[in-house]
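A short write-up of the structure that comes next.
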Amino acid sequence: MPNQPILIAGAGPGGLSLALYLHQLGINFELFETVSRLKPLGVGINLLPHSVRVLHQLGLQEKLKAIAIQTSELHYYNKFGQQIWAEPRGLAAGYSYPQYSIHRGDLQILLFESLQERLAQSNSPSQIHLGYSLEAWQDGPHSITASFRSADGQLHPIEGAALIAADGIHSTARKKLYPAEGTPIYSGRILWRALSEGKPFLDGRTMIMAGHQSQKFVCYPISKAYADRGSSLINWIAELNVPDWQAPAQDWNRQVEIERFFAPFADWVFDWLDVPTLIQKTEAVYEYPLADRDPLPQWSFGCMTLLGDAAHPMYPIGSNGASQAILDAEDLSQRLAKTYLSKAEVIQALADYDAERRPATGKIVLLNRQNGPEQVMQLAEERAPQGFKHVHEAISQEELETIANRYKQAAGFSLQQVNLKAST
């Protein structure tokens with residue numbers, strides 16, 4: 001049993017972080033990913049300081065610093081471009097770790113290539129398998145056997161100490177555990193996400209959100225290479241309330257024309273940002289429904305468990321999705337390292353991980369449904385729909401601070417929480 005690997009299904013940020021952590025701890029693994037070749041797909045994401053702490057522990061600080069933007073501030077504005085709330089972020093806020101804005105695909109490739117390098121440099125028997133999809137699993141008397149189908153159609157039973165399903169919001173494992181759950185829950189809002197090259201705005205390292213619950217624009221720079229040459233690769237998200245939207249038969253993230261959503265943003269030209277020009281400069285726009293799933297009553301079953309979006313898909317509010325997957329990986333790998341990998345100890349480690357991470361992430365899922373820290377934009381819209389001379393006409397400083405601090409505390413990245421872990 002001690003020599004049997006941990007089986008990981010999914011090579012997204014969560015699965016790759018888990019593999020890196022297990023390798024660092026000397027625990028063997030077999031990582032399986034559905035696609036036959038990883039490509040830097042997707043758009044921008046944010047990594048909050050509590051997850052950056054984990055990536056620094058994995059020795060990735062220099063690689064991250066070389067490609068990502070160290071976020072300096074977060075600003076909220078109303079639909080007229082009037083500032084509601086602004087706060088420093090990452091190192092500028094006194095955290096021991098930065099906050100990073102980065103292309104999701106760049107992060108995935110960084111993690112993947114780092115894992116490949118470390119396996120090549122070590123005598124570890126751990127392996128990465130591309131083009132293998134999880135189909136089923138079965139607990140045995142001493143271990144677990146998972147079945148993966150390779151790209152050539154062959155089914156491969158693989159025995160391991162545990163199976164960790166990190167296979168995303170459309171998780172095969174989750175469907176098997178909860179067959180009656182159905183599709184992700186649509187919020188009534190659509191996101192259009194894209195990348196555009198443009199002039200740096202504000203200080204060139206600030207993340208902004210403007211508008212309110214029914215119409216919102218988010219953008220932030222994600223590439224140090226662009227910044228180094230005086231430009232900015234800007235990740236942006238346009239969001240509208242579209243309650244009667246119907247999911248396409250095949251795809252929830254498809255490419256669309258900007259005319260589908262452009263008109264409501266055509267006059268959003270602020271002193272500090274020209275939204276319509278930014279939208280028009282993109283080469284491809286992708287449509288996503290704002291969707292999540294209800295928190296589950298259980299993740300771990302015997303020698304298998306869920307991780308990341310398979311366990312807790314959430315709205316991309318508060319910049320928490322990828323960060324929580326990375327925190328899952330840290331918690332789970334540390335628990336597995338404390339066992340001798342007998343079946344009983346593995347089951348207990350997975351149960352303890354479930355008991356710790358499931359309530360914590362479930363709370364964030366529900367908070368994000370209430371707009372998390374973005375509540376301040378909706379309050380400004382409700383209380384001052386025609387704008388304001390000063391935000392305190394609509395929302396007091398105390399209320400603004402309470403909303404911001406409450407979310408940080410609940411999501412585990414208050415200044416005190418992160419810096420306390422940094423010192424231990």
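- Aromatic ring centres of F217 and W268: separated by at least 6.0 Å.
- Evaluation of the salt bridge (Lys or Arg N to Asp or Glu O under 4.0 Å) test over residues 160-177, restricted to residues two or more places apart or in two chains, returns R174-E181.
- Partners of Y77 according to the ring pair (Phe, Tyr, Trp, His ring centres under 6.0 Å) rule, which considers only residues two or more places apart in sequence or in another chain, are H75, W272.
- Residues I237 and Y288 fail the side-chain proximity criterion, which asks for heavy atoms closer than 4.5 Å.
- Looking at residues two or more places apart in sequence or on another chain, you find no side-chain hydrogen bond (donor to acceptor under 3.5 Å, both in side chains) involving S333.
- Pairs of residues two or more places apart, or lying in two chains, that qualify as ring pair (Phe, Tyr, Trp, His ring centres under 6.0 Å) and include a residue from residues 48-68 are H50-F413, H56-Y97.
- Among all heavy-atom pairs drawn from E87 and A404, the shortest one is OE1-CB, 3.7 Å.
- Between the side chain of K39 and the backbone N or O of I109 there is no donor-acceptor pair closer than 3.5 Å.
- Judged by distance alone, the side chain of N419 and the main-chain N or O of S96 form a donor-acceptor pair under 3.5 Å.
- Residues satisfying the side chain to side chain contact (heavy atoms under 4.5 Å, CB included) test with S17, not counting sequence neighbours, are L55, L111, I326, A329.
- Across all their heavy atoms, I45 and A322 have their closest contact at CD1-CB, 3.8 Å.
- Residue pairs meeting the salt bridge (Lys or Arg N to Asp or Glu O under 4.0 Å) criterion with at least one member in residues 353-365, sequence neighbours excluded, are D328-R357, D354-R358.
- With sequence neighbours excluded, the residues that form a side chain to side chain contact (heavy atoms under 4.5 Å, CB included) with I128 are L31, F112, L115, Q116, L119, L130.
- Aromatic ring centroids of H129 and F148 lie 6.0 Å or more apart.
- A donor atom on one side chain and an acceptor atom on the other are found under 3.5 Å apart for H156 and S150.
- Evaluation of the salt bridge (Lys or Arg N to Asp or Glu O under 4.0 Å) test over residues 124-138, restricted to residues two or more places apart or in two chains, returns E135-R149.
- With sequence neighbours excluded, the residues forming a side chain to side chain contact (heavy atoms under 4.5 Å, CB included) with R369 are I185, D292, D294, Y315, V365, L366, listed by chain and number.
- Judged by distance alone, with hydrogens and angles left aside, the side-chain atoms of Q138 form no donor-acceptor pair with the main-chain N or O of A146 at under 3.5 Å.
- Counting only N and O atoms by type, the side chains of S143 and E159 include a donor and acceptor under 3.5 Å apart.
- Ring centroids of W299 and Y353 are separated by less than 6.0 Å, placing the two rings close together.
- Q83 contributes no side-chain N or O that, together with a main-chain N or O of W85, makes up a donor-acceptor pair within less than 3.5 Å.
- Listed for the K224 side chain is no donor-acceptor partner under 3.5 Å among the backbone atoms of L64.
- S196 pairs by the side chain to side chain contact (heavy atoms under 4.5 Å, CB included) definition with W236, L278, K281, T282, not counting sequence neighbours.
- N405 meets the side-chain hydrogen bond (donor to acceptor under 3.5 Å, both in side chains) test with no other residue; sequence neighbours excluded.
- No side-chain donor from either of Y407 and Q375 sits under 3.5 Å from a side-chain acceptor of the other.
- Each salt bridge (Lys or Arg N to Asp or Glu O under 4.0 Å) pair with one or both residues in residues 96-120, not counting sequence neighbours, appears once here: K63-E117.
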